[in-house]
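The next block holds one structure in the form of structure tokens; read it before the comments.
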Amino acid sequence: MPKLKEHEKLINLKVKKDFHYKLKLQALKENTTMQALITKVMGKYISGGEDELIIEPVNEDELTKEERDAIEEGRRDMKTGNYQEMEEAFKDLL
């Protein structure tokens, strides 16, 4: 795994297969990577004037079993290195 630069953070994102397919198609249409597309869209959302994004600590007691299991699976994957950088995963698409 490439070392992150000081100003970078890693996000492990799990999505449904049909969403992944649509995201990949859109990235290809725009001649970009899925990472760049997600970053562009989220950047616009976050800086979008009226709709302020408020991030609060998660109360794990309020999560569903499915949400807790998904979080734990992501934590295990990160701990064991069982993930792939988006750039690496999709470099062959373009």
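For the numbers below, each heavy atom of this structure counts, side chains included, while hydrogens, waters and symmetry mates do not. Bear in mind the structure is a predicted one, so any value in this text is a computation, not a measurement.
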_Set of side chain to side chain contact (heavy atoms under 4.5 Å, CB included) partners for Thr80, sequence neighbours left out_ = Asn82
*Testing Glu72, Lys65, Glu66 for side-chain contact (heavy atoms from CB on, under 4.5 Å) with Asp69, which one passes?*
Lys65
*asked:* My understanding is that only residues two or more places apart in sequence, or in another chain, count here; which of them pass side-chain hydrogen bond (donor to acceptor under 3.5 Å, both in side chains) with Asp61?
replied: none
*Residues two or more places apart in sequence or in another chain: which of them pass side chain to side chain contact (heavy atoms under 4.5 Å, CB included) with Ala70?*
none
*side chain to side chain contact (heavy atoms under 4.5 Å, CB included) involving Ile71 - partner list, sequence neighbours excluded*: Leu63, Arg75
_Between CG on residue Asn31 and CG on residue Leu37, distance to nearest 0.5 Å_ = 12.0 Å
*asked:* Restricting to side-chain hydrogen bond (donor to acceptor under 3.5 Å, both in side chains), what partner residues turn up for Lys40, sequence neighbours left out?
replied: Glu30
_Rounded at 0.5 Å granularity, tell me how far CD in Glu67 sits from CD in Glu62._
10.0 Å
*Do Val41 and Leu25 share a hydrophobic cluster, counting only Ile, Leu, Val, Met, Phe, Trp and Tyr and linking them when any side-chain heavy atoms are less than 4.5 Å apart?*
no
Side-chain donor-acceptor pairs under 3.5 Å in residues 7-19, sequence neighbours left out?
residue, atom, partner, partner atom, Å
Glu8, OE1, Lys5, N, 2.9
Lys14, NZ, Glu73, OE1, 3.1
Lys14, NZ, Glu73, OE2, 2.9

*Start with the C-alpha distance between Gln26 and Lys22, add both sets of side-chain angles, then the distance that settles side-chain contact (heavy atoms from CB on, under 4.5 Å), and finish with yes or no.*
CA-CA 6 Å; Gln26 188 62 38; Lys22 290 175 184 177; over 6 Å; no
